[in-house]
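We count residues from 1, following the sequence as given. Counting starts at 1 for both ligands and their atoms, in listed order.
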Amino acid sequence: MTDIRLEGLTRRYGSVTALDGLTLDIGGGTVTALLGPSGCGKTTALKLVAGLLDPSGGQVLFDGHDVTDVPAERRGAVMVFQDHRLFPYLSAGDNVAFGLKMRGVPRRQRRREAEAVLERVGLDGLADRHPAELSGGQQQRVALARALILQPEVLLLDEPLANLDAHLREGMRELILDVQRERDLTTVVVTHDQEEAVVLSEDIALLFDGRLHQHGAPRTFFEHPATERTARFFGAANLVAGRRHGDRVHTPLGSLRVPDGTPGGPDVWLTVRPERLVVGDTPAADGQHVQGRVVSSAFLGTRTRATVEVAGVRLTVDVADDALADVGPGSLLTLGLPAEALWTVPREATAGPTPRAADELGPVAASADGTVTSPPDRRTQP
Ligand code: ADP
Ligand code: MG
């Protein structure tokens with residue numbers, strides 16, 4: 001169980017700053033996700049923690065000790081690469097035992113330990129197969145076994161589920177979390193997929209452009225995003241431009257009460273997640289509701305997603321099962337907007353697609369795809 005602290009960690013490649021002053025505490029024995037779009041510096045950060053790359057600035061501390069200059073093989077941290085990098089000409093068993101060979105462990109003991117770890121990752125009996133004779137999922141497990149045999153304190157996983165089919169992903173996720181708990185490993189998972197970050201980790205560090213953007217429990221990112229960028233990255237499909245006055249936000253949908261402490265103002269995006277809109281004739285307990293017209297709806301297997309237009313704003317609405325199956329386009333629908341389902345993020349002049357000053361235009365609204373529409377009474381109808 002190793003506490004990790006990154007302090008102002010920076011890495012440049014020529015003129016590219018891949019990682020820009022990352023300061024982050026990673027609790028011992030926890031799973032933390034480094035999340036962000038491709039190219040935001042995740043793999044670079046992981047290699048810096050592993051000691052496989054020298055930083056241009058900043059420090060890596062394990063349990064309070066500066067390990068920035070400690071070579072990779074003496075850090076107790078092992079990285080599993082996204083492309084697993086197995087030796088194609090070695091059997092699975094020899095791939096797994098390779099690290100022990102480097103440490104001078106005798107052959108028979110290596111073999112025994114490799115077989116035990118292979119069994120732990122669900123590959124018993126496959127020690128003699130070569131990587132080409134294993135499926136992608138099995139290769140991923142060999143790569144994990146190769147890391148675990150080194151008895152690391154810190155496990156660093158680069159996109160561990162990215163190359164797996166949906167049904168293999170669940171098994172791999174469980175395996176990772178089981179071994180993490182068994183061995184009390186401090187685990188850092190790199191992923192570009194917010195769902196993967198949420199199911200794997202108890203803590204998410206969201207990176208954009210090499211910088212830490214938001215850090216906290218997974219739930220926070222869905223319910224309390226700090227910025228528009230976070231809200232969009234976490235699939236907040238509904239962003240409606242508005243102006244805040246105290247605990248109310250004036251929007252084309254009406255004047256809506258929002259919870260205390262929501263960020264931003266006076267110009268904000270009102271956000272509401274598709275699954276938090278309440279569909280039906282019973283208005284929300286606090287009476288906040290709007291009437292809209294269904295534009296389209298589609299049954300997606302476990303839920304139905306509908307687009308509903310309210311006062312010129314298109315809202316994305318998710319309901320469980322097929323409750324909206326027979327609500328066709330053109331139908332009227334009552335949508336509850338309970339205050340606790342609402343949130344705001346700052347609307348900056350440059351961040352949102354606002355062509356004119358909000359005051360000049362009056363309330364403006366943005367639909368899920370970010371297009372801005374003026375209120376219905378000012379719209380020029382075709
Ligand atoms: P991620 O893992 O989030 O996709 P990376 O850490 O791989 O991002 O890369 C971050 C940035 O650094 C990218 O712009 C990438 O092109 C650049 N980069 C990464 N490795 C190198 C390298 N060896 N040489 C030059 N640029 C690199
Ligand atoms: Mg990467």
Engineer: Could you please tell me which protein N, O or S atoms lie under 2.8 Å from the Mg ion (ligand 2)?
Structural biologist: Thr43 OG1

Engineer: Side chain of Arg243, backbone of Val249: donor and acceptor closer than 3.5 Å?
Structural biologist: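 Absent.
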
Engineer: For atom 19 (C) of ligand 1, find the nearest protein heavy atom and state the residue, atom name and distance (0.1 Å precision).
Structural biologist: Tyr13 CE1, 3.4 Å

Engineer: Judged on heavy-atom distance to atom 11 (C) of ligand 1, which of Ala45, Ser15, Gly36, Ala18 sits nearest?
Structural biologist: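 Of the listed residues, Ala18 has the closest heavy atom.
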
Engineer: Would Gly39 count as a contact of ligand 1 if the rule is a heavy atom under 4.0 Å away?
Structural biologist: yes

Engineer: How about Phe233 and Phe208: are their ring centres within less than 6.0 Å of each other?
Structural biologist: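 Yes: the rings meet the under 6.0 Å criterion.
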
Engineer: Inspect the contact between Asp83 and Arg85 and indicate whether a charged nitrogen and a carboxylate oxygen are less than 4.0 angstrom apart.
Structural biologist: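 Between Asp83 and Arg85 there is a salt bridge, with a charged N closer than 4.0 Å to a carboxylate O.
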
Engineer: Are the side chain of Arg141 and the backbone of Val121 linked by a donor-acceptor contact shorter than 3.5 Å?
Structural biologist: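 Confirmed, Arg141 side chain pairs with Val121 backbone.
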
Engineer: So which heavy atom in the protein is nearest atom 5 (P) of ligand 1, and how far is it from that ligand atom?
Structural biologist: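 Its nearest protein heavy-atom neighbour is Thr44 OG1, 3.7 Å.
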
Engineer: Is it possible for you to check whether Arg146 lies under 6.0 Å from the centre of the six-membered ring of Phe98, through NZ or CZ, and within 45° of that ring's axis?
Structural biologist: no

Engineer: Identify the protein heavy atom lying closest to atom 7 (O) of ligand 1, giving its residue, its atom name and the separation to 0.1 Å.
Structural biologist: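 Minimum-distance protein heavy atom for atom 7 (O) of ligand 1 reads Thr43 CB, 3.8 Å.
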
Engineer: State plainly whether the residues Arg75 and Glu73 are in salt-bridge range, i.e. N to O under 4.0 Å.
Structural biologist: no

Engineer: Output a table of donor-acceptor pairs, distance under 3.5 Å, between side-chain atoms of residues 171-179 and any protein atom two or more places apart or on a different chain; print 'none' if there are none.
Structural biologist:
| residue | atom | partner | partner atom | Å |
| --- | --- | --- | --- | --- |
| Arg173 | NE | Glu170 | OE1 | 3.4 |
| Arg173 | NH1 | Val199 | O | 3.0 |
| Asp178 | OD1 | Arg181 | NH2 | 3.2 |

Engineer: Taking the six-membered ring of Tyr13 as reference, does the cationic atom of Arg11 (NZ for Lys, CZ for Arg) lie under 6.0 Å from its centre and within 45° of its axis?
Structural biologist: yes

Engineer: Looking at Arg293 and Glu309, does any basic side-chain N land under 4.0 Å from a carboxylate oxygen?
Structural biologist: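 Not counted as a salt bridge, because no side-chain N and carboxylate O are separated by less than 4.0 Å.
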
Engineer: How about atom 16 (O) of ligand 1: does it have a protein heavy atom within less than 4.0 Å?
Structural biologist: no

Engineer: Tell me which protein heavy atom sits closest to atom 8 (O) of ligand 1, plus the residue, atom name and distance to 0.1 Å.
Structural biologist: Gly41 N, 3.2 Å

